[in-house]
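Worksheet: one structure, shown below.
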Amino acid sequence: MNDHQPRNLSLPTPGCFADPDRSGLTATDVFDGMTEHLFYTLGKLAPSASRHDLYMALSYAVRDRLMTRYLAGIEAIAANPKRIVAYLSAEFLIGPQLGNNLLMLGIQEEAAEALKQFGINDIEEILDVEEEPGLGNGGLGRLAACFLESLATLEIPATGYGIRYEFGIFDQLIRDGWQVEITDKWLKAGWPWEIPHPDQACFVGFGGHTESYRDHQGAYRVRWIPAEHAIGVPHDVPVLGYRVNTCDRLRLWRADATESFDFYAFNSGDYYGAVEEKVGSETLCKVLYPNDGTAKGRQLRLKQQHFFVSCSLQDMIRSLDARGIPIQEFPDHWAVQLNDTHPSIAVAELMRLLLDDKHLEWEAAWAITTACLSYTNHTLLPEALEKWGLDLFGSLLPRHLELIFEINRRFLQQVRLRHPGNEGVLRRLSIIDETGEKAVRMAHLATIASHHVNGVAALHSDLVKQELFPEFANHWPDKFTNVTNGVTPRRWLALANPQLSALLNETIGDGWVRNLEELRQLERYADDGGFLENWGATKLSVKRHLTHYIHRHTGVLVDPASMFDVQVKRIHEYKRQHLNALQVIAQYLRIKNGLADGQAPRTVIFGGKAAPGYAMAKLIIRFINGIADVVNADPDMDGRLRVIFLADYNVKLGERVYPSADLSEQISTAGLEASGTGNMKFMMNGALTIGTLDGANVEIREEVGDDNFFLFGRTTEGIARLREEGYRPWDHIDASPELRETLNLIEYGHFSNGDTELFRPLLENLIGHDPFFVLADFKAYLEAQEAVSKAWNDRPLWNRMSLLNTARSGKFSSDRSIRDYAERIWRAETFPVTITCQIDEAQVKGRQLPAPQ
Ligand SMILES: *Cc1c(COP(=O)(O)O)cnc(C)c1O
């Protein structure tokens, strides 16, 4: 053999692929696609490919298979116009993409097969390589992601519009029990799921001044002369629906400087000055804002909001222009949903585009604006309701401030006619808050301009009407409505919990994946002892996975047969992780004091990030870790109690945790959790809930029945009454020796190596004014936990309740939420896409993709 003869390096032979249009879904097609991408895209030969290379190659091969569908959808919409949903959200917490897209296409097994050819026997090794884009803080961003997926699955044309932050939510490490924040570099190794479209860039202005002029017809016009500009470059992420050809898109805007260099400054020798503007514009999308309600860096946040909203609205108008559709028909083609007030500058920006660019008259522009906008309220917490001081607002967006004054003037005129002489109503409804420093109230702006305003769970929507906006609700009774949140059963059940999914498929078929109500058929097995045992055994096998993860990441061995009692969510006082922590101490004390007869063995699992500027939340993390150290080191606790804090809670970790939970902790102060969506993910996966009557817990309990839900605590009215009467935390300490003993132990430094200072701020907060009524609900919570223990000890009963939780979770599919929005708010319809593929027509023709084997 000649030394110079090339060895067989498993090179692809160009031109010989069986699947040149890259739409085939067999294992061979996937293998060919991977080989091709390794060679041409990544510049690697198969034998030297790392796991990351294989992840990239598989991702590109899968992305190819989305493209036919993605482009077919865009073509189809252009030819046959239907209303498109524009979901505007400052956050999209989309999670890992590869595994999800394999599920959507129905090629999980084919991909696993292809990977075997590269020597990878467990596909998890490759899926685990993916870094998720943390483009959101928590529930609100995750909701936007679930909604986009449901829109695609229901075959409704939609675009999610958002921001391509360079650094998403920080990565969390735990060092000596404290949270440490590390920048999230999700782009560092390349992220294969986005496609930039620099040719579709948009200009966005900031600052400057306005001037009036007369146009050539003599009409009075205003133009805005911004002081600076940024360019928004769209980066599109395809969002494929489940086993359909509809592939919607997430369009994320990245800010670029208008010119890489200011040539004048450059020529005059000011090199650094010349790049300065570039640096300024590019910081625009650098980082996601934490949701800690602090005022720091707010100017940049308002800039981010205007930036992505302006790009998005320009993009929508451009799509009409390109199709020759008159601007008056904007609302027939776009239904624009504002996810919280973050995109609510859209009201003024759309008015500006219609008046100043399209030269419409005020009434026509206002009719268009109000016909296409709707707004979702997500919070009643006053610190989270966005307000911008007039100085800041006017200096950044002078034209928008003028328009807001005019919108307000006209609106207050209407109010005045209804309530003559009632200055109080005017003050309370005005967009401009004049109580302190004058400020623009974004929730008022959004409410006035939207045809619908919705809360996110029945209780929350009632509170929006009664507490937040009573006078608006009185003014426009039909404007306010409810759409209870939901989560996608594809990611949160089919993908996250393959073991339970397999059992469901065997038992009731796989129709539940598209129609979650079909889970009701499980109720037939609620009294089938053999099936219940199987149900419990499946849960146990799922828990073993998390057991390994916990051991790998914390070094603690937990017993998978113990009750996994889980609270994962952002750390916030209103969510009351500290109530759970106090309960753990009380259980610890009972064991120590020999009073724990009948107490179920538990592994109490916490996870969640605290906003970097939220000192109390960070102290709560330290507190939980202090308790964990003491409990896990005490031999008396062996087999009875373990406490785990899982670092860096995100979507990927959520996919491991929700399926493994036996008990879901939803213990917020009543009236403060708008909906919650974690509660729904737990329920679908067969966890029982211990919870307050708050947010969607109310509806969860209604669906599952009060026998299958552990309710405790004061109601919203009860909390309001306590507040009015003057709440005294001490009364509860005096009335409960157990609470007193619990607090004493903390005070003596038992969970801080004798340090009596460390947790003092937490104790003082609880004993002093306890703003979230932790001590008021402590006793009822402990009693409910006793009921939980009792139920756990009767395993057939527990398994029955677990099964009923899954069986009755159908309402909480985001498909139901999206149908609700589509019918009642957007008036958007399904629009199935048919693919005809020139090269291999037989395989991809028609709507139905091959089902998974
Ligand atoms: C579902 C989810 C949330 C929301 O959880 P809640 O319990 O509703 O607060 C937050 N973060 C992530 C990563 C999630 O998946």
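Note that the numbering runs from 1 along the sequence shown for the chain. Computed from a predicted structure; not experimentally measured. Atoms considered below: every heavy atom in the structure, side chains included; atoms not considered: hydrogens, waters and symmetry mates.
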So, for W253 and F307, is the gap between ring centers shorter than 6.0 Å? no

Do you see a donor-acceptor pair shorter than 3.5 Å between the side chains of Y70 and D236? yes

Mind checking what makes salt bridge (charged side-chain N to carboxylate O under 4.0 Å, His left out) contact with R490, not counting sequence neighbours? E149, D815

Taking the six-membered ring where the residue is Trp, are the ring centres of Y821 and F147 under 6.0 Å apart? yes

Quick check: closest heavy atoms across K543 and S660, and the distance to 0.1 Å? CG-O, 3.3 Å

Heavy-atom closest pair (A61 atom, R65 atom, distance to 0.1 Å) is O-NH1, 2.7 Å

E125: partners by salt bridge (charged side-chain N to carboxylate O under 4.0 Å, His left out), with sequence neighbours left out: R51

Kindly write out the residues that satisfy side chain to side chain donor-acceptor pair (under 3.5 Å) with R63, not counting sequence neighbours, or none if the list is empty. none

Could you tell me the separation between the CD atom of E91 and the CG atom of L140, rounded to the nearest 0.5 Å? 5.5 Å

Examine the side chains of N765 and H578 and answer whether a donor and an acceptor come within less than 3.5 Å of each other. no

Sorted by chain and residue number, the ring pair (Phe, Tyr, Trp, His ring centres under 6.0 Å) partners of F645 (sequence neighbours excluded) come out as none

Any carboxylate oxygen within less than 4.0 angstrom of a Lys/Arg side-chain nitrogen, looking at E665 and R576? no

Indicate whether the side chain of H342 and that of Q304 have a donor and an acceptor atom separated by less than 3.5 Å. no

Those residues that, when tested against K618, pass side chain to side chain donor-acceptor pair (under 3.5 Å) (two or more places apart): E181

Does the ring centre of H572 sit less than 6.0 Å away from the ring centre of Y614? yes

Going by the rule side chain to side chain donor-acceptor pair (under 3.5 Å), which residues pair with D340 if we only count those two or more places apart in sequence or in a different chain? none

Ion pair D248/R69, N-O distance below 4.0 Å: no

We want to know whether T159 and R249 form a side-chain donor-acceptor pair, criterion being a heavy-atom distance below 3.5 angstrom. yes

Under the 6.0 Å and 45° cation-pi test, does K609 pair with F170? yes

Within residues 672-682 or reaching into it, pairs that qualify as salt bridge (charged side-chain N to carboxylate O under 4.0 Å, His left out) - sequence neighbours excluded: K575-E673

Check whether the side chains of D53 and Y55 place a donor and an acceptor atom closer than 3.5 Å, and report yes or no. no

Please identify each residue that fulfils salt bridge (charged side-chain N to carboxylate O under 4.0 Å, His left out) with D171, with sequence neighbours left out. none

Under the salt bridge (charged side-chain N to carboxylate O under 4.0 Å, His left out) test, which residues partner E573, sequence neighbours left out? none

Residues passing the ring pair (Phe, Tyr, Trp, His ring centres under 6.0 Å) test with F759, sequence neighbours excluded, are F623

Residues in ring pair (Phe, Tyr, Trp, His ring centres under 6.0 Å) contact with F206, at least two apart in sequence or another chain: H306

For N679 and Q666, test the side chains for any donor-to-acceptor distance below 3.5 angstrom and give the result as yes or no. no

Donor on one side chain, acceptor on other, S59 and Q97, under 3.5 Å: no

Side chains of Q200 and R251: any donor to acceptor distance under 3.5 Å? yes

If you measure from the Lys or Arg side-chain nitrogens to the Asp or Glu carboxylate oxygens, is any gap between E386 and R301 under 4.0 Å? yes

Any side-chain donor near an acceptor of the partner, N339 and H378, under 3.5 Å: yes

Set of residues satisfying ring pair (Phe, Tyr, Trp, His ring centres under 6.0 Å) with respect to H553, sequence neighbours excluded: Y549

Looking at E132 and K652, does any basic side-chain N land under 4.0 Å from a carboxylate oxygen? no

